[in-house]
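Presented below is the structure to which this report refers.
Computed from a predicted model, the values in this text were never measured in an experiment.
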Amino acid sequence: SAIANTEFKVYYQPKYDVNTENIVGAEALVRWQKPDGTLISPGAFIPLFESDGLVVHLDEYVFENVCQFQKERMENKLPMVPISVNLSRASIHFNDVVEHYVDIVNQKQIPFECVPIELTESATLYSEKILEITDQLVKAGFKLHMDDFGSGYSSLTSLIVQQAIDLGHGLDMKVVAEGVESKEQKDCLKEMHCDMIQGFYYSKPLKQEDFIEKLRA
């Protein structure tokens, strides 16, 4: 009922170019705002949605909202940046997920490149099914982002971070550092030639209207 009543709100956390400090992308995140205005943390409802399969509908709800946002930007000839949308493990295994998402993009008549799909590292490992789905997504025109890369190593040293950045660049990929909260972290990542930064140092996740204001700045 919360999905039907549009109680879930899409927030946008900007991604910044390390060198220019301009917004070059964003990640779509979801918050549950109850009718009385109370915000429920994703940590409180996402595990429940994952356990009962409702996360598939939530994923699609967020994706469709982001596609609509991009459609409106394009129709109004406003600057657009790619906004990545998370695809949960449950959605990956959902029948015809690629065809369904392709249909949404085509209905909105937006470029596939403006709605990259984020997959967690753990969700993409050791599965022929996942390889098949990711191949279909790429062939359809989606850009893929690997989220939480290396997050299982809670005490990552700067050496390992540098190796991860070098690995990404060696594979002709862009690297985004998430969770950056201080100038020291930003400066260190800049020295390591990380491409983009996402985190509270630059911006918390923003309501749509606040994100639009950021894009105007």
Side-chain angles (χ1 to χ4, degrees), residues 2-3 5-18 20-50 54-73 78-89 91 110 113-123 142-151 174-186 189 194-217:
I3 294 176
N5 295 333
T6 64
E7 293 175 21
F8 291 97
K9 307 300 179 187
V10 178
Y11 278 56
Y12 300 85
Q13 188 168 31
K15 301 177 184 180
Y16 287 79
D17 183 282
V18 171
T20 66
E21 298 195 320
N22 293 327
I23 296 176
V24 290
E27 179 181 1
L29 303 165
V30 67
R31 300 289 184 266
W32 186 356
Q33 184 173 4
K34 302 193 82 174
D36 63 3
T38 305
L39 277 179
I40 300 177
S41 164
F45 65 83
I46 292 293
L48 175 65
F49 273 46
E50 288 177 334
L54 279 173
V55 72
V56 173
H57 302 292
L58 184 60
D59 281 353
E60 184 181 324
Y61 174 91
V62 173
F63 183 74
E64 188 148 12
N65 271 267
V66 172
C67 288
Q68 180 62 31
F69 175 79
Q70 295 288 51
K71 175 183 174 68
E72 290 171 7
R73 300 284 298 178
L78 294 169
M80 296 170 65
V81 296
I83 299 173
S84 57
V85 183
N86 291 282
L87 194 65
S88 68
R89 187 192 301 261
S91 290
I110 59 173
E113 292 84 355
C114 73
V115 281
I117 301 294
E118 284 207 21
L119 306 166
T120 61
E121 179 188 6
S122 59
F142 287 107
K143 299 289 186 183
L144 298 187
H145 292 183
M146 182 177 285
D147 197 12
D148 296 337
F149 180 76
S151 62
K174 298 288 187 182
V175 181
V176 184
E178 295 185 351
V180 178
E181 298 184 355
S182 70
K183 184 177 186 299
E184 290 75 21
Q185 291 174 334
K186 186 266 292 185
L189 288 161
C194 184
D195 301 291
M196 289 169 275
I197 283 177
Q198 176 183 346
F200 276 59
Y201 173 72
Y202 280 117
S203 175
K204 65 181 180 180
L206 303 168
K207 294 180 181 179
Q208 181 171 302
E209 56 267 30
D210 295 331
F211 178 57
I212 290 171
E213 284 301 315
K214 280 270 190 187
L215 289 174
R216 284 199 188 108

Indicate yes or no: at least one non-hydrogen side-chain atom of [X] is less than 4.5 angstrom from one of [Y].
X: Val180; Y: Tyr202; value: no
X: Asn86; Y: Val30; value: no
X: Phe49; Y: Ile3; value: yes
X: Phe45; Y: Arg31; value: no
X: Pro205; Y: Phe200; value: yes
X: Lys204; Y: Leu206; value: yes
X: Glu27; Y: Glu178; value: yes

In a table with atom names and distances, give each donor-acceptor pair under 3.5 Å that connects a side chain of residues 207-217 to protein atoms at least two apart or in another chain.
from	atom 1	to	atom 2	distance (Å)
Glu213	OE2	Arg216	NH1	2.2

To check you understand the geometry: which heavy-atom pair defines the closest contact between [X] and [Y], and what is its length?
X: Val85; Y: Ala28; value: CG2-CB, 4.4 Å
X: Val18; Y: Ile197; value: CG2-CG1, 3.8 Å
X: Asp59; Y: Ser88; value: OD2-OG, 2.7 Å
X: Leu39; Y: Tyr11; value: CD1-OH, 4.0 Å
X: Thr6; Y: Tyr61; value: CA-OH, 3.3 Å
X: Pro14; Y: Gln198; value: O-CG, 3.7 Å

Might you confirm whether atom NZ of Lys9 has over 12 heavy atoms from other residues, nucleotides or ligands at distances under 6.0 Å?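 Atom NZ in Lys9 is packed in, count exceeds 12.
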State the CD1-CZ distance between Ile110 and Phe69, to the nearest 0.5 angstrom. 11.0 Å
Once rounded to the nearest 0.5 Å, what's the spacing between atom CG of Leu87 and atom CD of Glu118? 10.5 Å
Sub-3.5 Å donor-acceptor pair from the side chain of [X] to the main-chain atoms of [Y], do we have one?
X: Asp195; Y: Val175; result: yes
X: Asn5; Y: Glu7; result: no
X: Gln70; Y: Val81; result: yes

Between Phe63 and Ile117, does a side-chain contact (heavy atoms from CB on, under 4.5 Å) hold up when you go through it step by step? CA-CA 9 Å; Phe63 183 74; Ile117 301 294; 3.9 Å; yes
Out of the candidates Gln13, Lys15, Lys143, only one should pair with Ser84 under the side-chain hydrogen bond (donor to acceptor under 3.5 Å, both in side chains) rule; please name it.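 Exactly one pass, corresponding to Lys15.
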Flag for Glu64-Gln68: side-chain donor and acceptor within less than 3.5 Å: no
Could you tell me which residues satisfy salt bridge (charged side-chain N to carboxylate O under 4.0 Å, His left out) with Glu21, sequence neighbours excluded, listed by chain and number?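 Partners of Glu21 under the salt bridge (charged side-chain N to carboxylate O under 4.0 Å, His left out) test: Lys186.
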